[in-house]
Amino acid sequence: MPNGRFTNHIESPNGGSVNERRSLHERFRSRLIVDPTLTRKAVSYQGNRDLPGFRWLKYKESFSRGLVERLIDDVQPDSVLDPFSGMGTTPLIAAGRGLRATGIEIMPVGVIAGKAVARAANGFHSDAYSSAAKSLIEHVKSYKKAAEQHAFPHVRITQAAFPQETELEIARAREFIATIDDITIKTVMNLACMSILESVSYTRKDGQYLRWDYRADRKLRSRIHKGKILRFQEALYTRLEEIKEDVEPLKELYGRSMPTFLTGSSLQLLRKIADNAFDMVITSPPYANRYDYTRTYALELAWLGYGQDDFKTLRQQMLSATVENKPKREWLQQIYSNSDLIAAALGMSDAQNAIHEVVDILRDHSSELGNPHVIRLIEGYFLEMAVIVAELGRIVRPGGTVFMVNDNVQYHGEEIPVDLVLSDFAEQSGFRCERIWVLPRGKGNSSQQMGRFGRRELRKCVYKWVRCDV
Ligand SMILES: C[S@@+](CC[C@H](N)C(=O)[O-])C[C@H]1O[C@@H](n2cnc3c(N)ncnc32)[C@H](O)[C@@H]1O
């Protein structure tokens, strides 16, 4: 690979074997290309911060609008699917161009944002919105105590997240929203309130966890200084004004058609999609990096009424990316009624020797691992991704294209070439891996890992797979 930042030299700091990872690398070497234009801003949310609609919810895991536009321009499809659609970047942009567009997403937080933007762009009544927004602000400022049932429905990890005054204002907002009948206005108001919760709270999203400000009334091991915490009514007013400003540009940008948003797990919903149904897939699954969406989006999920058990259920239904995820093998066999597709997917994952190589080393060092369940995480992640990739091989028409964004990861100093393993699954599922574009700046390993295993930059990539003609 023509770039010095990423080493072609694969080694195991634990003295284990690297033969399988080397041979996979050899196979894909000519297709790994560093693309200097793929900066982080060009790929991820940072590029969307000020854009109409996308600025309504800080969904840090989302694509940049520019990336999706570039990929659609490259392929010129009639239909586009994103099976991990987050806040709906892919379906919104594709539908905005008049394409048939579908997003599947398991977390309602992103789905609500996508739906709110799509509805604002398609047949929105600005006058009804302005009047509801005015009444909402008046109600929040009214100083009347809201009825008990409208209090913020806290779960354990959100307790004491807001100053007392904010709790009262939130309850009044919830009380008002409960009276709105118009589903579009209700969705947008819900989104407006949900989207500001972090900014009015003592918390900050930080990778795997919520970090807490020193002013929160909680026993904490470490605390941050968050700076000014906005008052709910102030933050809400600003967001409602932003939404008003964005409606006209949104009609222009995304007003050509409504995307379809399916809420649920792709592990269940993809199998309901017909063979060859899509020309193109643009997607970014969760990374195998222990990031726990249910923790970072705890405030937003609680706002939506998720109780303690719902959090646990959602975490288990999500693609396995945390140490808490239990194996889904038997469940997948059941829902797929032992079909040929599931047998092929499980076979592909069972025969993935680069993963066995890493897992064997980690098993040998399990007593040194911070959490030995990372082994279960790795096995679960690749098994589930094998099912997803096999499904894409069925759903994407011959000649169609998949673009996938994902990061490589490392555990205990052992790098897992996620890009090569998933591209291997793709090639067994009817695709040809044409390119793996590598972002010029990779992901550094954590300071803890760096101290023990040396500095290593992990590839962040965009893969292009083209479905072979049959
Ligand atoms: C990297 S983010 C994708 C963000 C998206 N590209 C965007 O522009 O907003 C991965 C998404 O996958 C979702 N996810 C995790 N497990 C899922 C599953 N089993 N089915 C569908 N979505 C899932 C997560 O909630 C998260 O929003």
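We use all heavy atoms of the structure for the numbers below, so side chains are in, but hydrogens, waters and symmetry mates are not. All ligand and atom numbering here is 1-based and tracks the order in the structure. We number each residue from 1, following the sequence as shown.
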Taking heavy atoms and a distance under 4.0 Å, where does [X] meet ligand 1: side chain, backbone, both or neither?
{"X": "Y59", "result": "side chain"}
{"X": "Y293", "result": "side chain"}
{"X": "P83", "result": "backbone"}

Check: [X]/[Y] side-chain N/O donor and acceptor closer than 3.5 Å:
{"X": "Q428", "Y": "D424", "value": "yes"}
{"X": "T187", "Y": "N190", "value": "no"}
{"X": "Y291", "Y": "E61", "value": "yes"}
{"X": "E384", "Y": "S320", "value": "yes"}
{"X": "N406", "Y": "D419", "value": "no"}
{"X": "R31", "Y": "S423", "value": "no"}
{"X": "S195", "Y": "R239", "value": "yes"}

Quiz item: Can the ring centroids of F431 and F425 be said to lie less than 6.0 angstrom from one another?
Solution: no
For [X], take its heavy atoms, then give the atoms of ligand 1 lying under 4.0 Å from any of them.
{"X": "S85", "value": "5 (C), 7 (C), 9 (O)"}
{"X": "Q317", "value": "19 (N)"}
{"X": "S62", "value": "4 (C), 7 (C), 8 (O), 9 (O)"}
{"X": "S284", "value": "1 (C), 2 (S), 3 (C), 10 (C)"}
{"X": "G264", "value": "20 (N), 21 (C)"}
{"X": "M318", "value": "15 (C), 16 (N), 24 (C), 25 (O)"}

Nitrogen or oxygen of [X] less than 3.5 angstrom from that of ligand 1:
{"X": "S265", "value": "yes"}
{"X": "T89", "value": "yes"}
{"X": "M107", "value": "no"}
{"X": "L267", "value": "no"}
{"X": "S266", "value": "yes"}
{"X": "E105", "value": "yes"}
{"X": "P286", "value": "no"}

Quiz item: Can you tell me the protein heavy atom closest to atom 4 (C) of ligand 1 and the distance?
Solution: E61 O, 3.3 Å
Self-check item: Protein residue, atom and distance nearest to atom 16 (N) of ligand 1, heavy-atom basis
Solution: L319 N, 3.0 Å
Quiz item: Would you call the rings of W303 and F152 parallel, tilted or perpendicular, where under 30° means parallel and over 60° means perpendicular?
Solution: tilted
Quiz item: Taking the side chain from T89 and the backbone from R65, do they hold a donor-acceptor pair closer than 3.5 Å?
Solution: no
Quiz item: Do F278 and V80 pass the side-chain contact (heavy atoms from CB on, under 4.5 Å) test, and can you show the C-alpha distance, the side-chain angles, and the key distance before you say yes or no?
Solution: CA-CA 6 Å; F278 285 93; V80 181; 5.5 Å; no
